[in-house]
Number of protein chains: 2
Amino acid sequence: MTQTRTTRLERGRSALGPALELVHTGRAPTRAVLTSELGVTRATAGAVAAELEALGLITVDSRPHASAGSQGRPSHRLFVNEDGPVVLAAQIHADGYRAALVGLGGRIVATTPSCGIIPADPAQVLAEVVEAGAALLRETGRRCLGAGLAVPSAVAEPDGEALNPLHLAWPSGAPVRELFLRALAEAGIPGVTEKIGFTGNDVNLGALAEHRHGAGRGARHLLCVASGHRGVGGALVLDGRLHSGSSGLALEVGHLTVHPEGAPCHCGSRGCLDVEADPLAFLVAAGREPGPEVSLLHQAVELLRNEYSEPGVRTAADLLIDRLGLGLAGLVNILNPDRIILGGLHRALLEADPERLRAVVADRSLWGRSGGVPILPCSLDHNSLVGAAELGWQPVLNDPLVVLD
Amino acid sequence: MTQTRTTRLERGRSALGPALELVHTGRAPTRAVLTSELGVTRATAGAVAAELEALGLITVDSRPHASAGSQGRPSHRLFVNEDGPVVLAAQIHADGYRAALVGLGGRIVATTPSCGIIPADPAQVLAEVVEAGAALLRETGRRCLGAGLAVPSAVAEPDGEALNPLHLAWPSGAPVRELFLRALAEAGIPGVTEKIGFTGNDVNLGALAEHRHGAGRGARHLLCVASGHRGVGGALVLDGRLHSGSSGLALEVGHLTVHPEGAPCHCGSRGCLDVEADPLAFLVAAGREPGPEVSLLHQAVELLRNEYSEPGVRTAADLLIDRLGLGLAGLVNILNPDRIILGGLHRALLEADPERLRAVVADRSLWGRSGGVPILPCSLDHNSLVGAAELGWQPVLNDPLVVLD
DNA sequence: CTGGCTTTGTGCCGACGCTAAACAAAATAC
DNA sequence: GTATTTTGTTTAGCGTCGGCACAAAGCCAG
């Protein structure tokens with residue numbers, strides 16, 4: 001119990017938020033790093049750390065630990081408080097929905113199994129998933145500071161409507177943010193009064209999670225591309241902030257042309273990435289009849305992992321890698337990211353033949369410098385869920401004193 | 001002479017920079033607006049304005065002026081100081097080079113005529129253009145606070161090398177930023193010691209200028225596309241900041257596929273925007289033999305403006321509008337900007353048939369909401385030059401107290 | 001083991017940049 | 001002319017952070 005806090009920090013915009021974000025994203029393991037990262041003095045960093053500890057958000061390990069061999073006094077280490085508050089995260093996807101409690105640092109504290117049936121009524125789905133989350137809160141007794149939701153469709157800003165949720169039987173334009181907030185209010189979940197944030201596209205939120213806690217950590221301009229059930233989604237994190245466009249419709253990368261003579265697409269064009277490099281396209285290219293029992297993504301990934309040695313599967317994979325590479329090269333020319341992360345089927349394609357994909361991207365993007373961008377598989381389980389939690393954490397990261405209510 | 005400044009503001013990060021930027025971009029005509037835009041109290045806004053006035057950067061008109069009919073005490077109006085310091089702006093383009101002095105607010109105070117010959121040695125060109133700028137400084141007796149340079153090629157970060165300057169006889173990889181800084185030092189221009197900024201791609205800088213002073217003012221996500229001599233350039237301003245990618249190569253939009261069966265491009269693909277919608281493509285489509293006397297851009301724009309009624313010209317224009325629209329639609333799907341500004345030949349195409357272009361973009365981008373993005377012609381003369389000046393102004397906008405040296 | 005050296009953490013004081021609140025000024029509304 | 005609205009200024013005060021001195025805790029040299 002360190003009660004020796006002397007400089008009382010009061011509510012307002014101070015270094016508290018940035019400091020918490022550094023610990024949250026694992027970039028501030030000690031007070032010393034906090035000092036240099038924030039650009040403040042040791043005195044300030046110490047006071048900020050003490051305040052965050054007093055708020056119950058972080059813990060400090062004062063015991064001497066095996067130091068890294070450098071001389072000088074060893075630092076005390078800072079951790080997010082594993083037993084601290086959580087946010088409620090919810091995800092709707094093609095195979096079902098899932099609720100979880102996520103702590104600082106992006107750690108999933110508790111989760112429900114994925115429920116496999118999606119009712120056609122968005123309000124009912126959201127009420128069910130929020131109730132599942134509320135049950136987790138009751139079981140664990142954790143304090144809840146916010147909530148976030150990931151949906152498998154574009155989310156129109158500023159009102160948060162789900163546009164063209166192709167994988168679900170939902171109507172286009174369903175006001176998911178409003179329905180989610182209403183469900184939270186009905187379930188008595190606190191900390192969700194604000195009208196901003198809280199709902200986002202799953203690929204976007206997965207990208208945000210990867211940037212903060214996964215393979216995208218440290219990237220300045222991060223591009224994520226992932227194929228789920230049908231179609232291809234993209235997301236872009238610029239200087240730590242999600243770019244979702246002026247109305248939430250950015251990175252609709254599914255309609256890049258990657259095969260001019262290719263299959264027709266519902267958008268009216270031909271050979272779009274959406275129809276040339278998604279799970280269905282892979283199964284068809286490999287000559288398999290897609291079955292209805294499990295998701296197309298699951299079938300495609302299993303086929304790729306288990307039967308890659310078969311020539312037909314290998315050929316289909318090469319074809320999709322080439323198409324995907326062409327699309328990524330186009331994005332590289334436009335966005336010039338310093339890292340690319342792939343999810344879903346595209347992750348499996350990358351892992352099947354990393355060199356082929358990298359070569360295609362480097363070959364078709366301008367100048368080797370830009371073409372040499374690292375391409376990595378995503379590294380988090382349930383990254384959309386963790387990303388949804390980031391939405392709920394954001395007010396706390398902006399001003400940790402909101403914890404005091 | 002208002003000497004009644006009481007609250008002395010000292011060097012450091014205060015509201016001075018944001019306040020100056022608001023006046024600079026014309027978004028703070030009065031102290032009252034400054035108060036609300038900065039989110040500070042009237043007392044602070046007043047002190048900040050007084051300090052900026054004392055620094056010689058802005059002027060205050062205390063005389064009563066014809067108020068806008070609203071009740072309450074009329075505001076005093078704030079202006080950038082027309083007789084204040086300037087920055088040296090330089091531009092290299094296909095037709096020559098030009099130097100200018102640019103004040104706050106993006107106003108061109110003095111400019112040289114465009115010199116029509118570009119020597120093959122970058123160092124010599126930059127020495128000449130800087131010397132022309134130095135001569136302007138001597139003539140006008142203005143104080144110089146910085147400098148900026150616009151070049152017609154991608155500029156690789158972080159070192160500032162010109163990549164593939166197709167329009168010039170320069171070698172690719174010429175270290176233009178270093179050469180520019182050296183020329184400035186030789187000419188004794190002050191305020192250019194820092195190693196960051198100061199050199200950028202002309203379309204990027206034009207976009208920045210349009211965002212701050214022209215048709216892009218107020219846009220949150222601004223996309224600019226322009227065709228100059230050959231090829232097509234793009235630029236993106238996000239939340240007021242230029243996105244030039246992780247290595248300065250973003251928005252190389254010239255290789256979007258807009259005509260799958262189109263002409264081969266040096267990038268290895270076919271039907272790229274670069275070869276389908278630039279001035280040469282237009283002249284060829286209209287059945288004209290491009291002459292060597294003036295620039296291709298000039299020939300194309302003149303043809304479009306003077307002979308639009310001729311069927312062949314009209315048909316060629318429609319063709320290019322369709323190609324350009326396809327490329328813009330692809331960009332809209334990826335970037336979801338809230339405004340698009342066109343320059344060069346594309347501006348002329350827009351003005352020739354605005355409805356056709358808007359219809360193509362709306363038709364080929366997803367969802368009307370995203371497709372309804374406003375498309376405007378650029379509105380500044382010499383926007384690249386003004387944008388280059390913005391690079392020079394940036395340190396002053398970050399901390400106006402640098403004026404004190 | 002002892003005495004430097006280096007790095008980290010803390011207590012104290014002051015300064016800077018802002019807010020809050022009262023007051024003053026200049027216009028319109030009635 | 002008086003009330004109301006909006007803008008600008010003055011004064012007091014507070015919060016956050018920098019500067020500095022000092023203490024603590026580990027290496028390293030002898």
Side-chain angles (χ1 to χ4, degrees), chain A residues 2-20 28-54 58 60-78 399-401 404, chain B residues 2-20 28-54 58 60-78 399-401 404:
Chain A
T2 18
Q3 290 284 12
T4 49
R5 185 156 44 95
T6 56
T7 310
R8 274 209 93 79
L9 301 178
E10 296 293 326
R11 186 171 232 120
R13 40 187 179 287
S14 66
L16 272 186
L20 181 59
T30 70
R31 286 186 182 86
V33 176
L34 205 57
T35 299
S36 59
E37 288 290 311
L38 290 176
V40 299
T41 59
R42 288 199 302 272
T44 304
V48 163
E51 180 75 16
L52 291 176
E53 191 180 16
I58 71 171
V60 180
D61 182 1
S62 311
R63 295 168 313 176
H65 68 279
S67 64
S70 69
Q71 59 179 357
R73 173 177 174 177
S75 310
H76 300 168
R77 286 190 296 179
L78 307 179
D399 179 10
L401 293 171
L404 301 175
Chain B
T2 21
Q3 289 285 11
T4 49
R5 185 158 41 97
T6 56
T7 309
R8 274 209 92 79
L9 300 178
E10 297 292 327
R11 185 172 231 120
R13 38 186 182 288
S14 65
L16 272 186
L20 181 59
T30 70
R31 285 187 184 84
V33 177
L34 205 57
T35 298
S36 59
E37 289 290 313
L38 289 176
V40 297
T41 59
R42 289 200 300 273
T44 304
V48 162
E51 180 74 17
L52 291 175
E53 190 180 18
I58 71 170
V60 180
D61 183 1
S62 311
R63 297 168 311 180
H65 68 279
S67 63
S70 67
Q71 63 177 356
R73 175 178 172 175
S75 310
H76 300 168
R77 286 191 296 179
L78 307 179
D399 179 10
L401 293 172
L404 301 174

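Per chain, numbering begins at 1; letters A, B, ... match sequence-line order.
- Distances shown here put every side-chain N or O of A:Thr35 at or beyond 4.0 Å from the OP1 or OP2 atom of C:dT8.
- Rounded to a whole Å, the CG atom of B:Leu34 is 12 Å from the P atom of D:dT9.
- Listed pair A:Thr41 / D:dG18 meets the phosphate criterion, a side-chain N or O lying under 4.0 Å from OP1 or OP2.
- Within the 4.5 Å cutoff, the side chain of B:Leu52 has heavy atoms near those of the B:Pro400 side chain.
- Rounding to whole angstrom units, CG of residue B:Leu38 and P of D:dG8 are separated by 13 Å.
- B:Ala45 comes within 4.0 angstrom of nothing in the nucleic acid, heavy atoms only.
- Between A:Val48 and A:Ala19 the shortest heavy-atom distance is CG1-CB, 3.3 Å.
- The side-chain heavy atoms of B:His76 and B:Arg31, taken from C-beta on, include a pair separated by under 4.5 Å.
- Distance check, rounded to the nearest 0.5 Å: CD1 of B:Ile58 to CG of B:Asp61 gives 12.0 Å.
- Nucleotide C:dC16 holds its C1' atom 12 Å from the CG atom of B:Leu401, rounded to whole Å.
- Here the P atom of nucleotide C:dG9 and the CD atom of A:Glu53 are 13 Å apart, to the nearest Å.
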Listed pairs, N/O of protein and of nucleotides 4-7 of chain D, under 3.5 Å:
{"from": "D:dT6", "atom 1": "O2", "to": "B:Arg73", "atom 2": "N", "distance (Å)": "2.9"}
{"from": "D:dT7", "atom 1": "O4'", "to": "B:Arg73", "atom 2": "O", "distance (Å)": "3.3"}
{"from": "D:dT7", "atom 1": "O2", "to": "B:Arg73", "atom 2": "NH1", "distance (Å)": "3.0"}

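- One atom, CD of A:Glu51, and another, P of C:dT10, lie 14 Å apart when rounded to the nearest Å.
- From one end of the helix from C:dC1-D:dG30 to C:dC30-D:dG1 to the other, with five pairs defining each end axis, the axis direction shifts by 10° (rounded to 10°).
- A:Leu78 is listed as a side-chain neighbour of A:Leu34, based on a closest heavy-atom distance under 4.5 Å.
- Within the model, atoms OG1 of A:Thr30 and CD of A:Glu37 stand 10.0 Å from one another, a figure rounded to the nearest 0.5 Å.
- Listed here is the closest heavy atom pair of B:Pro18 and B:Ser14: CD-O, 3.7 Å.
- Side-chain contact check for B:Leu20 versus B:Leu16: every heavy-atom pair is 4.5 Å or farther apart.
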